Amino acid sequence: MSKPTSRPRKLRSNAGFTLIELLVVLVILGLLAAFAAPQVLKYLSSAKTDAAEAQIKNIAAILDLYRLEVGSYPSEADGLDALVTAPADAARWNGPYVKQRDSLVDPWGELYGYRMPGEHGDYDLYSLGADRTEGGEGEDQDVTSWQ
């Protein structure tokens, strides 16, 4: 009797993913992103407002130090630039009180507003938020030193 000839079998490799498996994973990731993205955006906008509040408190403390050393707050004409470069009329100026002018810019890229004398205190320090107009809610709300 003759022996049947046996051919070597090709082993099938199962190392990859099928197209359907990849599509299912992509759908799941898309659903997760759809639910997570609004939450992340909400925290991002509140983070900018929180950063502006912290920066205003920091600048207010620097303005108080300026007043202690110079004898008065910077005039409205000198503005917050008086914290970086010495005004002509500030004989006892001991600055710079901030290292860079960028420290006086809000998270939306605008210079903080400064009014002297202030309507709400000795001075008013404020940011108009993302919309750069008075009022607003969320990221558009004003951030002020007199809250």
Side-chain angles (χ1 to χ4, degrees), residues 8-147:
R9 287 187 176 188
K10 282 188 170 180
L11 295 177
R12 192 168 170 200
S13 174
N14 291 330
F17 295 105
T18 65
L19 181 60
I20 292 177
E21 290 171 328
L22 289 174
L23 289 175
V24 167
V25 169
L26 288 175
V27 167
I28 291 171
L29 288 175
L31 289 171
L32 286 173
F35 288 117
Q39 294 299 320
V40 170
L41 292 176
K42 181 178 89 172
Y43 288 121
L44 178 63
S45 67
S46 69
K48 285 187 176 184
T49 302
D50 293 344
E53 288 174 359
Q55 288 175 334
I56 282 180
K57 287 178 183 174
N58 187 35
I59 295 171
I62 293 169
L63 285 168
D64 290 339
L65 175 63
Y66 180 97
R67 188 197 67 187
L68 285 172
E69 292 185 355
V70 175
S72 64
Y73 290 111
S75 68
E76 191 164 344
D78 292 332
L80 295 177
D81 284 333
L83 302 176
V84 181
T85 57
D89 61 345
R92 296 188 319 238
W93 190 83
N94 193 24
Y97 295 91
V98 294
K99 291 182 180 180
Q100 297 177 340
R101 192 170 191 275
D102 293 344
S103 303
L104 305 173
V105 174
D106 70 14
W108 299 279
E110 292 292 316
L111 190 65
Y112 282 101
Y114 176 74
R115 244 185 327 253
M116 171 63 182
E119 298 172 6
H120 304 278
D122 294 332
Y123 60 86
D124 292 346
L125 187 59
Y126 58 92
S127 168
L128 297 176
D131 64 353
R132 295 180 176 92
T133 59
E134 288 188 30
E137 293 180 10
E139 193 175 347
D140 294 336
Q141 72 180 345
D142 299 346
V143 182
T144 63
S145 60
W146 60 87
Q147 297 172 346

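Predicted model only: the values in this text are computed from it and were never measured.
Asp124 contributes a side-chain N or O that, together with a main-chain N or O of Glu119, makes up a donor-acceptor pair within less than 3.5 Å. In this structure a side-chain-to-backbone donor-acceptor pair under 3.5 Å is missing from Trp108 to Ser127.
With rounding to the nearest 0.5 Å, the separation of CE in Met116 from CG in Asp122 is 6.5 Å. To the nearest 0.5 Å, the span separating CD on Glu76 from CG on Asp78 amounts to 10.5 Å. Here the CG-CG distance, from Leu63 to Asn58, works out to 10.0 Å after rounding to the nearest 0.5 Å. In this structure, OH in Tyr123 is found 15.0 Å from OG in Ser75, a value given to the nearest 0.5 Å. Summarising the geometry, atom OH belonging to Tyr114 is positioned 8.0 Å from atom CG belonging to Leu83; distances are rounded to the nearest 0.5 Å. Here the straight-line distance linking atom CG of Leu80 with atom CG of Leu125 works out to 6.0 Å at 0.5 Å rounding.
Around the CZ atom of Arg132, the shell of radius 6.0 Å holds more than 12 heavy atoms that belong to other residues, nucleotides or ligands. Residue-environment remark: CD (Glu134) stays at or below the threshold of 12 foreign heavy atoms within 6.0 Å. Dense packing is recorded around CG of Leu68, with more than 12 heavy atoms of other residues, nucleotides or ligands lying under 6.0 Å away. The 12-atom threshold is exceeded at CD of Glu21, counting heavy atoms of other residues, nucleotides or ligands nearer than 6.0 Å.
Between Val98 and Ser103 the shortest heavy-atom distance is CB-CB, 4.3 Å. Listed here is the closest heavy atom pair of Pro74 and Gly79: CB-O, 3.5 Å. Taking both residues in full, the closest heavy atoms of Tyr112 and Ala52 are given as OH-CA, 3.4 Å, listed atom of the first, atom of the second, then distance. Closest heavy-atom contact between Val84 and Pro96: O-CB, 3.4 Å.
Between Tyr66 and Tyr97, the ring planes are perpendicular. Angles over 60° get that label, and only those under 30° would be called parallel.
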Step-by-step side chain to side chain donor-acceptor pair (under 3.5 Å) determination, Thr144 to Asp142: CA-CA 6 Å; Thr144 63; Asp142 299 346; over 6 Å; no

Take Glu110 and Leu128 through the side-chain contact (heavy atoms from CB on, under 4.5 Å) test and state the conclusion after the steps. CA-CA 9 Å; Glu110 292 292 316; Leu128 297 176; over 6 Å; no

